[in-house]
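Take a look at the structure below.
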Amino acid sequence: MNAVELHGVQQRYGKMTVIHDLNLTVGEGEVLGLFGHNGAGKTTTLKLILGLLQPSAGQLQVLGQDPHKHQVRRQLGYLPENVTFYPQLSGRETLSYFARLKGAGASQVDELLEKVGLADAAQRRVKTYSKGMRQRLGLAQALLGAPRLLLLDEPTVGLDPIATQELYLLIDRLRQQGTSIILCSHELSGVERHIDRAAILADGHLQALGDLTSLRSAADLPVRIRLAGLAAPQAWLQRWADAGLPARQLNGDWLEVSTPPAGKLALLDELLKAQPRDLEVRQPSLEDLYGFYMAKARTDSAGVNA
């Protein structure tokens with residue numbers, strides 16, 4: 001059973017449509033990255049899945065049921081982009097309050113405070129917390145009750161690099177335990193290694209959906225090869241220019257050449273015969289793919305409106 005299924009879902013506010021015929025699934029134990037510009041429809045999609053909005057059209061199921069049902073909501077965890085708590089309560093009091101609301105065991109409170117790195121600040125009032133500490137507390141409340149489906153909207157906002165890495169490691173562990181996760185983030189470079197599939201929204205339309213391998217294949221973006229220690233580097237740059245391959249000199253004796261995916265193996269074979277000191281192959285990143293599909297969306301929109 002899929003954790004989430006949306007079929008032909010639309011969301012309208014009066015005459016304005018913000019979600020257009022959205023078809024999307026999230027499998028059990030899958031981490032789906034949901035990406036898009038501000039106003040693309042990401043948060044609206046999360047609210048539909050949470051049962052906070054009723055779709056204007058289409059079908060939506062969460063954990064095999066209507067998301068408005070109480071037994072479904074108790075199995076969800078949600079971390080909004082902007083976390084707000086009662087400032088006069090301590091961290092432990094705040095989490096205990098949410099545990100009672102969710103029907104989660106009180107024993108989870110201290111366990112989760114430890115897990116998110118707030119055990120030493122548990123007795124402090126939330127008004128003394130930094131933004132990053134409030135974000136950690138928000139993550140702890142989202143994990144109350146061991147949710148089967150976790151929705152994270154910009155979870156790394158306010159977190160330092162170490163805390164961000166700890167969050168991604170936690171996401172990896174939850175996935176291994178079978179938790180389904182939808183992750184919205186603008187920090188594409190950090191999230192790339194921790195998702196199974198990416199869904200890219202633009203103006204309420206689903207522009208792309210798939211794992212990175214399939215998205216790279218569909219986009220057909222160039223592969224970048226970086227290498228150091230080639231003899232006569234200027235001659236290589238001229239050779240690539242004559243072949244129509246974009247190339248440049250980087251720091252030191254490093255060179256970079258870009259090639260269409262179909263020409264990657266032949267170029268690598270040629271370069272390895274030249275015996276470089278070092279070599280790196282860089283596939284199109286999630287940021288590259290996002291930029292490609294956003295540009296495609298703008299082009300498609302301009303064509304429709306022409």
Open item on the list: I want to check something: taking the side chain as every heavy atom from C-beta on, are His186 and Glu154 in contact at a cut-off of under 4.5 Å?
Closed with: yes
Open item on the list: Side chains of Gln88 and Glu93: any donor to acceptor distance under 3.5 Å?
Closed with: no
Task: Neighbour count >12 (heavy atoms, 6.0 Å) for atom CD, Gln249 - done: yes
- [ ] Would you please say whether a donor-acceptor pair under 3.5 Å links the side chains of Arg12 and Gln10?
- [x] yes
- [ ] Taking the side chain as every heavy atom from C-beta outward, state whether Leu48 and Leu22 have any pair of such atoms under 4.5 Å apart.
- [x] no
TODO: May I ask you to decide if Phe35's main-chain N or O and Lys42's side chain share a donor-acceptor pair within less than 3.5 Å?
DONE: no
Task: Joint hydrophobic cluster, Val191 plus Ile200, side-chain heavy atoms closer than 4.5 Å - done: yes
Open item on the list: Strictly below 4.0 Å, N to O, side chains only: are Glu192 and Arg216 in salt-bridge contact?
Closed with: yes
Open item on the list: If the threshold is 4.0 Å, N to carboxylate O, is there a salt bridge linking Glu270 and Arg239?
Closed with: yes
Task: Atom pair CD/NZ of Gln141 and Lys102 - distance to nearest 0.5 Å - done: 7.0 Å
Task: Over all atoms of both residues, closest heavy-atom pair of Pro147 and Gly77 - done: CB-N, 3.5 Å
TODO: Can you establish whether the number of heavy atoms outside Lys296 located under 6.0 Å from its atom NZ is more than 12?
DONE: no
Task: Beyond-backbone contact of Pro222 with Thr259, side-chain heavy atoms, under 4.5 angstrom - done: no
Task: Smallest separation among heavy atoms of Val83 and Gly138, with atom names - done: CG1-CA, 4.1 Å
TODO: Any chance you could measure Glu280, atom CD, to Arg224, atom CZ, to the nearest 0.5 Å?
DONE: 10.0 Å
Task: Short side-chain to backbone donor-acceptor contact, Asp253 and Gly229, under 3.5 Å - done: yes
TODO: To the nearest 0.5 Å, tell me how far Arg74 CZ sits from His70 NE2.
DONE: 5.0 Å
TODO: Determine whether His37 and Asp203 make a side-chain contact, defined as any pair of heavy atoms from C-beta on separated by less than 4.5 Å.
DONE: yes
Task: Any Val4 side-chain heavy atom under 4.5 Å of Thr25 side chain - done: no
Open item on the list: For the backbone of Val31 and the side chain of Asp196, can you confirm whether one donor and one acceptor N or O come within less than 3.5 Å of each other?
Closed with: yes
- [ ] Establish, from distance only, whether the side-chain atoms of Asp66 and His68 form a donor-acceptor pair under 3.5 Å.
- [x] yes
- [ ] Consider only side-chain heavy atoms of I, L, V, M, F, W and Y, link residues closer than 4.5 Å, and tell whether Leu215 and Leu32 are in one cluster.
- [x] no
Open item on the list: Starting from Leu212, can I reach Tyr168 by hopping between I/L/V/M/F/W/Y residues whose side chains sit under 4.5 Å apart?
Closed with: yes
Task: For Leu271, the rest of its hydrophobic cluster, which grows through side-chain links under 4.5 angstrom - done: Val223, Ile225, Leu227, Leu230, Trp236, Leu237, Trp240, Leu245, Leu255, Val257, Leu267, Leu268, Leu272, Leu279, Val281
Task: Between His205 and Asp21, a side-chain donor and acceptor under 3.5 Å - done: no
Open item on the list: With a 3.5 Å distance limit and no angle check, can you tell me whether Tyr129 reaches the backbone of Ala121 through a side-chain donor-acceptor pair?
Closed with: yes
- [ ] Starting at CG of Leu188, measure out to CG of Leu289 and round the result to the nearest 0.5 Å.
- [x] 10.0 Å
- [ ] Given side-chain contact (heavy atoms from CB on, under 4.5 Å), test Leu50 with Leu151 step by step and report yes or no.
- [x] CA-CA 9 Å; Leu50 289 164; Leu151 297 93; 4.0 Å; yes
Task: Taking every non-hydrogen atom, the tightest pair across Lys131 and Val157 - done: CE-CG1, 3.2 Å
TODO: Specify the closest pair of heavy atoms between Gln75 and Gln71, including all atoms of both residues, with the distance to one decimal.
DONE: NE2-O, 3.0 Å
Open item on the list: Tell me whether Ile162 at atom CD1 has more than 12 heavy atoms from other residues, nucleotides or ligands lying less than 6.0 Å away.
Closed with: no
- [ ] Salt-bridge test for Asp172 and Arg175: reply yes if a basic N is under 4.0 Å from a carboxylate O, no otherwise.
- [x] yes
- [ ] Could you tell me whether the side chain of Ser214 and the main chain of Gly210 form a donor-acceptor pair under 3.5 Å?
- [x] no
Open item on the list: To check you understand the geometry: which heavy-atom pair defines the closest contact between Gly91 and Leu137, and what is its length?
Closed with: O-CD1, 3.8 Å
- [ ] Find out whether Cys184 and Leu152 are in side-chain contact, i.e. whether some heavy atom of one side chain is under 4.5 Å from a heavy atom of the other.
- [x] no
Task: Value rounded to 0.5 Å, distance of CD1 in Ile171 from OG1 in Thr179 - done: 11.0 Å
Open item on the list: Donor-acceptor pair, distance only, cut-off 3.5 Å: does the side chain of Arg136 make one with the backbone of Val116?
Closed with: yes
Open item on the list: With heavy-atom distances below 4.5 Å as the criterion, would you say the side chains of Leu286 and Ile195 are in contact?
Closed with: yes
Task: ILVMFWY cluster, Leu24 and Val72 together (side-chain gap under 4.5 Å) - done: yes
TODO: Could you give me the CA-CA distance, side-chain angles and deciding distance for Arg148 and Leu63, then say whether side-chain contact (heavy atoms from CB on, under 4.5 Å) is met?
DONE: CA-CA 8 Å; Arg148 291 175 59 190; Leu63 303 176; 4.0 Å; yes
Open item on the list: If we ignore hydrogens and angles and just use 3.5 Å, is the side chain of Thr156 paired with the main-chain N or O of Thr164 as donor and acceptor?
Closed with: no
Open item on the list: Quick one, Leu150 and Leu143 - any side-chain contact, counting heavy atoms below 4.5 Å?
Closed with: yes
Task: Value rounded to 0.5 Å, distance of CD in Gln61 from NE2 in His7 - done: 7.5 Å
Open item on the list: I'd like to know whether CD of Glu187 has more than 12 heavy-atom contacts from other residues, nucleotides or ligands below 6.0 angstrom.
Closed with: no
Open item on the list: Using a 3.5 Å distance criterion without hydrogens, assess whether the side chain of Glu30 forms a donor-acceptor pair with backbone atoms of Gly27.
Closed with: yes
Open item on the list: Take a 6.0 Å sphere around CD of Glu28 and say whether it holds more than 12 heavy atoms from other residues, nucleotides or ligands.
Closed with: no
TODO: Kindly say whether Thr128 contributes a backbone atom to a donor-acceptor pair with the side chain of Arg124 at under 3.5 angstrom?
DONE: yes
Task: Donor-acceptor contact present, side-chain Thr17 to main-chain Ile19, <3.5 Å - done: no
Task: ILVMFWY network linking Leu95 to Leu76, side-chain heavy atoms under 4.5 angstrom - done: no
Task: Closest contact, heavy atoms only, Gln108 versus Ala146 - done: OE1-N, 4.3 Å
Task: Leu118 and Met133: CA distance, side-chain angles, deciding distance, side-chain contact (heavy atoms from CB on, under 4.5 Å) verdict - done: CA-CA 7 Å; Leu118 289 177; Met133 293 172 71; 4.0 Å; yes
- [ ] For side-chain contact (heavy atoms from CB on, under 4.5 Å), just list the numbers for Leu170 and Leu139, CA-CA rounded to whole Å, side-chain angles, deciding distance to a tenth of an Å, and then say yes or no.
- [x] CA-CA 11 Å; Leu170 176 59; Leu139 178 61; 3.9 Å; yes
TODO: Evaluate whether atom CG of Asp278 has more than 12 neighbouring non-hydrogen atoms of other residues, nucleotides or ligands under 6.0 angstrom away.
DONE: yes
Task: Whether Phe85 and Phe98 hold their rings parallel, tilted or perpendicular, with breakpoints at 30° and 60° - done: perpendicular
